[in-house]
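See below for the structure under consideration.
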Amino acid sequence: MSAREDILTGLRAALAHSKPFPGAEPAAFQAVTRIDPGEDLVARFIAEVQRVKGEVHTAANDDEALDITKDLLTSHHVRRVVMWDEAHLPLRGVWALLERLGIERVYGDNASVAAAEAGITGADWALAATGTLVLSSGPGRPRMASLLPPLHIALLTEDRIIPRLEDYVAAQRAARFGVFRRSSNVTLITGSSRTSDIEMHPVFGVHGPLALHVVLIKNLD
Amino acid sequence: MKAESFEKIVDHALADRQLQVALDRGTTRGVNARLLAMSETTDAQALRHQARLARERALNQLPELLEQLERNIIANGGHVLWARDAAELNQHVLTICRQHNVRRVVKGKSMVTEETALNHALEQEGIDVVESDLGEYIIQLAGETPSHIVFPMLHKTKEATAQLLHDKLGMPLTDQPEAMTRFVRGVMRQKYLQADLGISGVNFAIAETGTIATVENEGNNRLSISAPPVHVAVMGLEKVIATWEDYAVLVQLLARSATGQRMTVYNNLISGPRRPDEPDGPEAFYLIILDNGRSRILASEYAESLACIRCGACLNACPVYQNIGGHAYGWVYPGPIGSIITPLLRGPLTAPKLPYASSLCGACQAACPVEINIPDMLLKLRRDLVQAGDPSLGWRLGMKGWAVAFKSPMLYRLGGRIAGWLTRVLARGKGHLRWLPPPFNGWTAHRDFPAFGTPSFRERYLRRFKGQPHDSKKP
Ligand code: SF4
């Protein structure tokens, strides 16, 4: 018998012999993280990102957002970036900005991407309760942009902010989980990389980005 | 583990000042972080129960869910392999390595590969393996094994860590964890980029979409999964869950219980290899599903232990773990849950003392996010040992006597050597106990309880009576 058959047969026999948890019924689902009724989701998102050592820069419009992005790139002495295609960013003019600043856009294999000092991405969604960004991989959306460079700049509009992980799951269920067929990798990012391995003492900036900056753009009402 | 050496290992652990400092600093932070993080949820009790039911539903339908998982992964372009035991899992990985001409492997954290000793198997075939988790990497450098399922180097102080990095890699000495971390980041970068294959563990496998979920903070796991051209994920078969709603509650309780975070920094959701239109990510994806005794556990009265999500909360909360650390438990899984699954996975007589390395105080069960009744299973394992004719009978009877004696002050006075041994464990060689199990916790809530002296009063009294010099060393 193959290992597969062996194992499945063994499991079926085990469960037939004694169904270990006869009473387990699907329960009504309760969300984990508290959000107060009427709480301002944008304010909550900003506070939560700051709590996990990310920075949020609010922009009243696209011009302000471009200015903030420019300041971030110049203050970090960025000369190369790996970025999502502009079609997947909520902000026009980033590419033109890079050209004006003489910043090179790198593509391709990991070795060239590893030379980039910054990654620029959008985000599918943001979760207010935990300060989490949801990024899915896809054409024009390399995984490495949010992972390999020391600086991660995420561009986000306020209307992408939803309350919690549970709301993200509900939305994906309504969409029949298409994202998990299209994207080999969905990543939930909460703050900049950290470790507590040495005496459970938190240190920020380990193997992933050392710094996470969210440029949060107001929607025109 | 070698049964006869358990007390020796424990005595060494208690005498090891470096270990005691590291355990003190680490477990205290761990317990406090969890308590705070659970207390600020919508309803900690209701959520634990919800998480428990999610695990129970998964265990009840294991064969169907595993088949569904497999179907969905294949539909997404991945491969699924099954392994009855450790050797078969290692063999699968070696075969994949040969198929893809792999010489260098980078690994994210995986307890299952510790269970199968995969690194050793790969190294024997001349394949270079690097652990990429900071703690796992440092332990690999030191030639040691993890002592905690979440914080693998909990047994090491920052001073010992700095010395190791200095000796092995020439890092300038420092007592700043920040500086050490930055140094290791530099060393690891190239390793990710050069690796031919990345191996990761699995925290949850979501059957309904064929997605594996990993949980981490450092980014090493994401890099190990995304940078090399081949990704191999390995999981114990109990890791499968039915739905994304179950994932949502479990992953958040895992973070809160393990590290006190609301979410870990990265939650990676992998559904097969990179799609043809995607710019990066591995071209090949394999999931290996390991049994290695788990289906046997499912058939037993210990099935509940398969609900474990490996958060480590029961380790941090356990007064015995707090004092002896993870290595004393002798195998991959330490602490209260380790005392259960080690004998279950390896056979009861391989670790006859682990079920007794507990005062049955219940701190583990109170900490567990999926309400596993650890004390109850420890008692049942003790019963099984008696029935199996455990050879270390005298020791066992002593421990059993101790457990009974704790409930009876009169008997307690007669507890003798074994009581002395376990109170010294609980007092971690400092001469006092910060904490006693019920019914004595009323005492230690406000004051320390002195450990039994070495030698005991009774022994000293007898020596004196016989005219021997009085040992004046402070106990
Ligand atoms: S038994 Fe419970 S507390 Fe212990 S590691 Fe498993 S899930 Fe966590």
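No experiment lies behind these values; they were computed from the predicted model shown. Numbered from 1 within each chain, the chains take letters A, B, ... in sequence-line order.
- Remark: the backbone N or O of A/S184 is paired with a side-chain donor or acceptor of B/E278 at under 3.5 angstrom.
- For chain A, the nearby parts of B/D246 are the backbone and the side chain; heavy atoms of each come within less than 4.5 Å.
- B/R185 and A/T195 share no donor-acceptor pair across their side chains, judged by distance under 3.5 Å alone.
- In this structure, the side chains of B/V251 and A/L165 come closer than 4.5 Å at one or more pairs of heavy atoms.
- Within residues 42-51 of chain A, the residues having any heavy atom less than 4.5 Å from a heavy atom of chain B are, in residue-number order, A/R44, A/E48, A/R51.
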Check: Does the pair A/V32 and B/V249 meet the rule for a side-chain contact (heavy atoms from CB on, under 4.5 Å), with working shown?
Finding: CA-CA 6 Å; A/V32 174; B/V249 64; 4.0 Å; yes

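- Interface remark: B/D43 contributes backbone and side-chain atoms alike to the contact with chain A (heavy atom separation under 4.5 Å).
- With a 4.5 Å cut-off on non-hydrogen atoms, B/A303 touches chain A through its backbone and its side chain both.
- Within the 4.5 Å cutoff, no side-chain heavy atoms of B/S271 are placed close to those of A/R181.
- Evaluation of the salt bridge (Lys or Arg N to Asp or Glu O under 4.0 Å) rule for A/R143 yields no partner, not counting sequence neighbours.
- Atom OH of B/Y266 sits about 6.5 Å away from atom CG of A/L147, to the nearest 0.5 Å.
- One finds the CG atom of A/D6 at 8.5 Å from the CD atom of B/E88 (value rounded to the nearest 0.5 Å).
- From A/S193, atom OG reaches atom CG of B/N220 across 9.5 Å, with rounding to the nearest 0.5 Å.
- Contact count versus chain B (heavy atoms, under 4.5 Å) is highest, among A/V52, A/L210, A/T132, for A/L210.
- Looking only at side-chain heavy atoms (C-beta outward), B/E64 and A/R12 come within less than 4.5 Å of each other.
- Neither the backbone nor the side chain of A/T9 comes within contact range of chain B; no heavy atoms are under 4.5 Å apart.
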Next item on the list: Test side-chain contact (heavy atoms from CB on, under 4.5 Å) on B/T209 and A/V179 and set out the steps.
Entry: CA-CA 10 Å; B/T209 57; A/V179 67; over 6 Å; no

Next item on the list: Could you give me the CA-CA distance, side-chain angles and deciding distance for A/L11 and B/L66, then say whether side-chain contact (heavy atoms from CB on, under 4.5 Å) is met?
Entry: CA-CA 10 Å; A/L11 290 174; B/L66 289 168; 3.6 Å; yes

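- Two residues are said to be in side-chain contact when any heavy atoms from C-beta on lie closer than 4.5 Å; A/V169 and B/T243 fail this criterion.
- Of the two parts of B/N316, only the side chain, counted from C-beta on, holds a non-hydrogen atom closer than 4.5 Å to a non-hydrogen atom of chain A.
- The two residues A/M144 and B/D280 make their nearest non-hydrogen contact at N-OD2, 3.0 Å.
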Notebook entry, point to check: How far apart are the C-alpha atoms of A/S146 and B/R222, what are their side-chain angles, what is the distance that settles it, and do they pass the side-chain hydrogen bond (donor to acceptor under 3.5 Å, both in side chains) test?
Noted result: CA-CA 10 Å; A/S146 63; B/R222 265 189 90 192; 2.8 Å; yes

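- Ranking A/S192, A/A114, A/S136, A/G54 against chain B, the residue ahead of the rest is A/S192, based on heavy-atom pairs under 4.5 Å.
- Ranked by heavy-atom pairs shorter than 4.5 Å toward chain B, the options A/G10, A/P202, A/S183, A/G140 are led by A/S183.
- Taking CG of B/N268 as the reference point, atom CD1 of A/I189 lies at 9.0 Å (rounded to 0.5 Å).
- Using a 4.5 Å heavy-atom cutoff, the side chains of B/M263 and A/L188 are in contact.
- Among residues 117-130 of chain A, the residues having any heavy atom closer than 4.5 Å to a heavy atom of chain B are, in sequence order, A/A129, A/T130.
- Looking at B/S132, only its backbone comes within 4.5 Å of chain A, counting heavy atoms on both sides.
- Identified by a heavy-atom distance below 4.5 Å to chain B, the contributing residues of residues 171-178 of chain A are A/R173, A/F177, in residue-number order.
- In terms of heavy atoms, B/P63 sits closest to A/L15 at CD-CD1, 3.4 Å.
- For the pair B/I289/A/I7, no side-chain contact is recorded, criterion being any heavy-atom separation below 4.5 Å from C-beta on.
- Interface remark: B/E216 contributes no atoms to any contact with chain A (heavy atom separation under 4.5 Å).
- Heavy atoms closer than 4.5 Å to chain B are found in the backbone of A/F204, but not in its side chain.
- Annotation for B/R275 and A/F180: closest pair NH2-O, 3.4 Å, computed over non-hydrogen atoms.
- Heavy atoms closer than 4.5 Å to chain A are found in both the backbone and the side chain of B/P177.
- Annotation: side chain of B/N217 is not in contact with side chain of A/V206 (no heavy-atom distance under 4.5 Å).
- Here the closest non-hydrogen pair linking B/P279 and A/P139 is CD-CA, 4.2 Å.
- Minimum interatomic distance between A/L148 and B/R189 (heavy atoms only, all atoms of both residues): O-NH1, 2.7 Å.
- For a residue to count as touching a neighbouring chain, one of its non-hydrogen atoms must lie under 4.5 Å from one of that chain's; by this rule B/N76 touches chain A with the side chain only.
- Here the straight-line distance linking atom CG of B/N267 with atom OG1 of A/T187 works out to 9.0 Å at 0.5 Å rounding.
- The aromatic rings of B/Y192 and A/H207 sit perpendicular to each other, their planes meeting at more than 60°, with 30° as the lower class boundary.
- A distance of 13.0 Å separates CH2 in B/W244 from CD in A/E166, rounded to the nearest 0.5 Å.
- Between B/Q252 and A/R164, the closest side-chain pair of non-hydrogen atoms is not below 4.5 Å.
- In terms of heavy atoms, B/T42 sits closest to A/A31 at OG1-O, 2.7 Å.
- Only the side chain of B/E70 comes within less than 4.5 Å of a heavy atom in chain A; its backbone stays farther off.
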